[in-house]
Amino acid sequence: MITTVRTRYAPSPTGFMHVGNLRTAIYEYLIAKSNGGSFILRIEDTDQTRQVEGAVEVIYDTLKIAGLNHDEGPDIGGAYGPYIQSHRKTGYLEYAKQLVDKGAAYYCFCDKERLEELHRDGKEGISKYDRHCLRLSKEEIKAKLESGAPFVIRQLIPEGKTTFKDEVFGEITVDNKELEDQVLIKSDGLPTYNFANVVDDHLMEITHVVRGTEYLSSTPKYNLLYEAFGWEIPVYIHVTAVTNESGEKISKRKGAESIQQLVEKGYIPEAIVNYTTLLGWAPPDNREIFSLSELCDIFTLKGLSKSPSVFDYQKLKWMNGEYLKKMDFDEYYKLAEPVLKQSIKTAGIDLRHIGELCKTRIEFIRQIPSIIDFIDELPDYDIEMYTNKKMKTTSENSLDALKLLTDFLSAQEDFTNDAIYADTVKLAEEKGLKSSQLLWPLRTALSGKQATPCGASELCALLGKTESLRRLEIGIAKLESAQVEK
RNA sequence: GGCUCGUUGGUCAAGCGGUUAAGACGUAGGCCUCUCACGCCUGAAACAGGGGUUCGAUUCCCCUACGAGUCACCA
């Protein structure tokens with residue numbers, strides 16, 4: 001029998017998606033796509049008290065940013081709709097009643113007060129529903145229902161043990177004594193998440209249920225439900241949590257950032273997806289840089305980790321730089337151009353070239369201004385920078401060098417990088433100097449910075465003759481006034 | 001507290017009874033170079049602890065410690 005793999009990402013619309021959420025979605029997507037299956041989006045909004053404005057849009061937006069295109073969902077439809085749980089409420093009660101008829105569930109009329117009391121009296125923190133309403137006779141139930149008394153429907157957990165198989169954790173057995181008769185249908189008539197989930201997964205023919213390990217302990221109850229209905233149990237894949245440096249599961253409350261915020265901070269979506277996938281999953285080989293479609297080709301359940309992973313910004317930052325380096329130049333330039341335009345007002349500068357120089361030296365586009373800000377305006381710098389042991393320069397010989405260079409550059413006609421470099425080296429040779437003894441002071445005078453995106457000769461070409469000479473003059477003045485002070 | 005799960009360098013992680021215990025980020029040092037960066041090379045750094053099983057345990061079993069999850073008419 002050939003069954004198509006169907007996975008679903010089933011978030012509740014809280015208006016926030018962090019890397020933990022994203023990672024679950026990625027794995028669902030990859031499991032489906034690596035098997036030629038379908039990836040479905042379903043919104044789990046059965047809690048009417050927690051509706052958040054615009055929350056569903058955040059989910060659409062995030063999936064789109066990440067490139068996780070779903071095959072079915074509220075916004076695009078599909079053969080198994082509707083894809084918003086609150087829109088499909090009609091069926092749940094009927095299914096719950098089926099369970100009542102089968103003896104796998106029962107009506108409960110206990111009010112909040114009684115339940116609270118029950119919890120309060122519970123010993124040692126263990127408090128299960130006491131099956132008070134299970135004792136009700138058929139007639140009593142009928143009478144209460146007819147009188148319009150509010151009710152819930154609870155799952156009747158049978159005696160024994162329940163075993164289920166998870167693809168990452170293996171077989172897990174739990175004594176049913178640990179399981180509570182959980183509510184299936186709430187008094188507002190809506191299903192609980194736990195019930196809606198089972199019914200919808202079955203109705204939507206979901207083959208692989210992927211979710212966080214927080215559901216590991218309720219999985220036996222799901223299995224009991226599937227068994228009571230006589231439905232086929234899906235493949236379970238429980239994925240571990242993503243934590244912060246302190247080992248706490250990341251959450252909005254703990255200061256996690258949303259995917260949208262990460263993108264706003266300059267992280268490239270592909271890098272976020274790449275890094276997030278590797279957080280809790282290891283590829284069969286040693287590669288680390290993967291596109292989403294490459295991941296589809298090589299993804300296997302085998303690489304999923306059993307222990308939680310700490311989210312490491314440092315490594316994500318590195319990966320972001322890697323993506324920037326390998327990015328197609330035009331695509332990169334589209335991102336860099338606005339930043340370049342803003343930080344360079346000087347006319348006649350080839351921005352594309354500057355962009356090119358920056359490309360391999362940054363991890364974020366926003367780092368560009370700080371490495372090129374000297375172009376518009378020479379920053380005030382410390383003359384200590386002229387002294388460099390390795391370059392064999394001191395403030396004294398730098399002064400001589402700058403004077404020499406002023407004469408030399410004034411006379412220089414070919415103001416291209418190659419020509420200036422070659423001629424400067426030649427000049428140094430003639431004067432019995434190391435080329436660095438000219439080039440180092442030159443770079444310093446032109447940029448006033450410890451680090452520049454290119455060498456001294458290229459700086460000359462970049463700034464032009466007039467500006468270069470002007471900056472040399474400033475350098476000379478700085479060095480001379482320092483000598484006078486001595 | 002009960003139950004369930006987990007524990008390889010600072011972090012992500014490979015390993016699936018016999019290895020000098022991979023690799024990556026970070027870190028230290030070096031090389032290259034007109035600076036920085038890129039790139040390249042090298043180094044430091046780990047099997048939580050204790051018992052078994054076995055000729056042999058990071059790998060299998062048990063106990064302890066630590067951590068996580070869960071115990072709602074929330075998802």
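Quick note on labels: first sequence line is chain A, next is B, and so on, each numbered from 1.
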Just call it for [X]: base, sugar-phosphate, or nothing, with non-hydrogen atoms closer than 4.0 Å on any strand.
X        : result
A/Ser457 : base
A/Thr213 : sugar-phosphate
A/Leu115 : base
A/Lys390 : base
A/Glu248 : nothing
A/Lys177 : nothing
A/Gly212 : nothing
A/Cys454 : base
A/Ala282 : sugar-phosphate
A/Tyr275 : nothing
A/Ser435 : nothing
A/Thr424 : nothing
A/Tyr421 : base
A/Met319 : nothing

Selected nucleotide, minimal atom distance to [X] side chain, candidates [options]:
X        : options             : value
A/Ser309 : B/C12, B/G2, B/U70  : B/C12
A/Trp318 : B/C73, B/G26, B/C36 : B/G26
A/Ala451 : B/C12, B/A24, B/C36 : B/C36
A/Thr192 : B/U35, B/G2, B/C74  : B/C74
A/Val183 : B/A75, B/C73, B/C38 : B/C73

Lys/Arg N to Asp/Glu carboxylate O, [X] vs [Y], below 4.0 Å:
X        : Y        : answer
A/Lys177 : A/Asp175 : yes
A/Lys306 : A/Asp166 : no
A/Arg471 : A/Glu467 : yes
A/Glu429 : A/Lys426 : no

Comparing A/Ser218 and A/Lys302 on RNA chain B - which has the more 5′ nearest nucleotide = A/Lys302
ask   = Nearest nucleotide by nearest heavy atom, which residue falls closer to the 5' end of RNA chain B, A/Lys112 or A/Glu363?
value = A/Glu363
Complementary nucleotide for [N] - Watson-Crick or wobble, under 3.5 Å:
N     : value
B/C34 : none
B/U20 : none
B/G2  : B/U70

Could you check how far [atom1] of [X] sits from [atom2] of [N], rounded to whole Å?
X        : N     : atom1 : atom2 : answer
A/Lys326 : B/C38 : NZ    : C1'   : 17 Å
A/Leu179 : B/C71 : CG    : C1'   : 10 Å
A/Arg443 : B/U35 : CZ    : C1'   : 3 Å
A/Leu216 : B/G69 : CG    : P     : 13 Å

ask   = Any donor-acceptor pair under 3.5 Å joining the side chain of A/Lys249 to the base of B/A68?
value = no
note = One should read off an interatomic distance between A/Asp312 CG and A/Leu279 CG, to the nearest 0.5 angstrom, of 8.5 Å
key: Whether A/Phe164 and A/His238 hold their rings parallel, tilted or perpendicular, with breakpoints at 30° and 60°   = perpendicular
key: Any A/Lys392 side-chain N or O less than 4.0 Å from OP1/OP2 of B/C34   = no
inquiry  = Can you tell me if A/Lys186 touches the phosphate of B/C74, counting only side-chain N or O atoms and a distance under 4.0 Å to OP1 or OP2?
reply    = yes
request  = Test side-chain hydrogen bond (donor to acceptor under 3.5 Å, both in side chains) on A/Tyr313 and A/Glu257 and set out the steps.
outcome  = CA-CA 11 Å; A/Tyr313 276 98; A/Glu257 290 182 289; 2.5 Å; yes
